[in-house]
Amino acid sequence: MTSKLLSGKRYEITARAKDNAGNIQTDFQDTISSAIIGFDINPPSIGFAQPAQGHAYQSNSVNPSNALQGPSAIAGTASDAEAALYPGGDALQPPEVVLWYDEVGAGGTTQYYYTQSNDATNHNTRFSSTTVESAQWHSDEGGSGSTNPWSYFMNDNSMTDTYWVSDRQYHAKVRTRDKARDYTGAIVG
């Protein structure tokens, strides 16, 4: 039936019984013989408001107002066109962010991913080359707790000047999922 249903719409499903004598059920009760479901197959959208594309940031010790840390270090907006299908219009799961920089050397390009933990093998940085992108998507570290607008809090304790590697071009991706469920009722997005 998936190809016959429209995303963003509600559907009522009703079941009825018929016995061997030909009697057909005529009394229906919500949540027992009928259910209303929403159908959502479209992904939500999400984007960055901060940091600015191509912008260079100074260290906290030089210019605290221009440093890439604090409650709005990484922030943006997210939306889901099918939000009306969800209780209270709350359609989104918490955003996830992956952050990295590339280092070009004789052996090629190496990615250093933000790991949220201090890595003594990489000069006491929070970035590591001994991991992969798929393992380094992180949810909010204590930021807004909101999904729209959202923020990824990089506090002074976790992202001091000593953890950022100077003179690097950093890359970031952000993603979110909605709260769509599968047939078992599990939220899969």
Side-chain angles (χ1 to χ4, degrees), residues 1-16 28-55 57 68-102 111-117 126-128 131-155 157-159 164 169-189:
M1 284 189 60
T2 301
S3 64
K4 308 248 189 271
L5 302 177
L6 299 175
S7 191
K9 301 293 184 184
R10 292 189 187 278
Y11 293 90
E12 182 172 2
I13 300 171
T14 304
R16 68 179 183 184
F28 300 95
Q29 294 180 339
D30 288 341
T31 70
I32 295 174
S33 54
S34 66
I36 296 175
I37 64 164
F39 190 66
D40 181 0
I41 60 169
N42 293 323
S45 61
I46 190 166
F48 287 102
Q50 176 75 12
Q53 175 71 18
H55 189 86
Y57 290 86
L68 190 58
Q69 59 190 45
S72 61
I74 299 177
T77 59
S79 64
D80 191 320
E82 283 85 6
L85 296 176
Y86 299 88
D90 183 17
L92 301 175
Q93 296 183 46
E96 295 177 310
V97 174
V98 64
L99 178 66
W100 77 96
Y101 68 88
D102 296 330
Q111 280 84 30
Y112 286 79
Y113 290 97
Y114 175 60
T115 65
Q116 289 186 326
S117 63
R126 302 245 183 228
F127 293 86
S128 174
T131 186
V132 294
E133 177 182 313
S134 61
Q136 298 310 321
W137 284 92
H138 302 287
S139 293
D140 188 3
E141 284 192 326
S144 66
S146 175
T147 55
N148 188 34
W150 60 269
S151 67
Y152 186 79
F153 186 74
M154 301 182 90
N155 63 36
N157 294 329
S158 71
M159 290 306 290
W164 288 106
Q169 181 178 6
Y170 288 86
H171 307 271
K173 293 181 190 177
V174 63
R175 68 183 180 190
T176 191
R177 293 184 173 139
D178 59 29
K179 294 180 180 176
R181 298 173 183 269
D182 67 10
Y183 72 95
T184 68
I187 295 176
V188 295

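In this chain, residues are counted from 1 in sequence order. What you see below is based on every heavy atom in this structure, not just the backbone, and it leaves out hydrogens, waters and symmetry mates.
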Novice: Taking all heavy atoms of Thr77 and all of Trp150, pick out the closest pair and write down the distance.
Specialist: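 Reported closest heavy-atom pair: N-NE1, 3.3 Å.
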
Novice: Under a 4.5 Å cut-off applied to non-hydrogen side-chain atoms, are Trp100 and Gln136 in contact?
Specialist: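 No, too far: nothing below the 4.5 Å cut-off.
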
Novice: Could you tell me if the side chain of Ile36 sits less than 4.5 Å from the side chain of Glu12, heavy atoms only?
Specialist: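 Contact flag for Glu12/Ile36 side chains = yes.
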
Novice: Who passes side chain to side chain donor-acceptor pair (under 3.5 Å) against Arg181, sequence neighbours left out?
Specialist: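 Arg181: no side chain to side chain donor-acceptor pair (under 3.5 Å) contacts found.
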
Novice: Tell me, which pairs form a salt bridge (charged side-chain N to carboxylate O under 4.0 Å, His left out) where one or both residues lie in residues 73-90, sequence neighbours left out?
Specialist: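 Non-adjacent pairs meeting salt bridge (charged side-chain N to carboxylate O under 4.0 Å, His left out): Asp90-Lys179.
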
Novice: Which heavy atom of Asp178 sits nearest to which heavy atom of Pro44, and what is that distance?
Specialist: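 Heavy atoms only, the tightest pair is N-CG, 3.7 Å.
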
Novice: Just wondering, are more than 12 heavy atoms of other shown residues or ligands nearer than 6.0 Å to CZ in Arg177?
Specialist: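 Result for CZ/Arg177: open.
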
Novice: Main chain of Ile32, side chain of Asp30: is a donor-acceptor contact present, judged purely on distance under 3.5 Å?
Specialist: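 A pair under 3.5 Å: no.
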
Novice: Sequence neighbours excluded, which residues qualify as side chain to side chain donor-acceptor pair (under 3.5 Å) partners of Gln93?
Specialist: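 Counting only residues at least two positions away or on another chain, Gln93 forms no side chain to side chain donor-acceptor pair (under 3.5 Å).
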
Novice: For the CD1 atom of Ile74 and the OH atom of Tyr114, what is their distance to the nearest 0.5 Å?
Specialist: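 Atom-to-atom, Ile74:CD1 and Tyr114:OH are 8.0 Å apart.
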
Novice: Got a sec, which residues hit salt bridge (Lys or Arg N to Asp or Glu O under 4.0 Å) with Lys9, two or more places apart in sequence or on another chain?
Specialist: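 Salt bridge (Lys or Arg N to Asp or Glu O under 4.0 Å) list for Lys9, sorted by chain: empty.
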
Novice: Of all the heavy-atom pairs spanning Ala180 and Asp40, show the shortest one and how long it is.
Specialist: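 Residues Ala180 and Asp40, closest heavy atoms: CB-O, 4.2 Å.
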
Novice: With sequence neighbours excluded, what pairs up with Ser134 under the side chain to side chain donor-acceptor pair (under 3.5 Å) test?
Specialist: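 Side chain to side chain donor-acceptor pair (under 3.5 Å) list for Ser134, sorted by chain: empty.
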
Novice: What pair of heavy atoms forms the shortest contact from Thr176 to Ala78, and how long is it?
Specialist: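 For Thr176 versus Ala78, the nearest heavy atoms are CG2-CB, 4.5 Å.
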
Novice: List in chain and number order the residues that pass side-chain contact (heavy atoms from CB on, under 4.5 Å) with Ala172, two or more places apart in sequence or in another chain; answer none if no residue qualifies.
Specialist: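 For Ala172 the side-chain contact (heavy atoms from CB on, under 4.5 Å) partners, ignoring immediate neighbours, are Phe48, Leu99.
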
Novice: Using modelled atom types only, decide if a donor and an acceptor are shared between the side chain of Tyr11 and the backbone of Leu6 within a distance under 3.5 Å.
Specialist: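 Pair found, side chain donor or acceptor close to backbone of Leu6.
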
Novice: Does a side chain donor of either Gln169 or His171 reach within less than 3.5 Å of an acceptor in the other side chain?
Specialist: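 Side-chain D/A pair, Gln169 to His171: absent.
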
Novice: Kindly say whether Arg16 contributes a backbone atom to a donor-acceptor pair with the side chain of Ser33 at under 3.5 angstrom?
Specialist: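 Checked: no pair found.
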
Novice: For a quick test of reading the model, state the closest non-hydrogen atom pair linking Ala83 to Ala91 and the distance between them.
Specialist: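 Scanning both residues, the minimum pair turns out to be CA-CB, 3.8 Å.
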
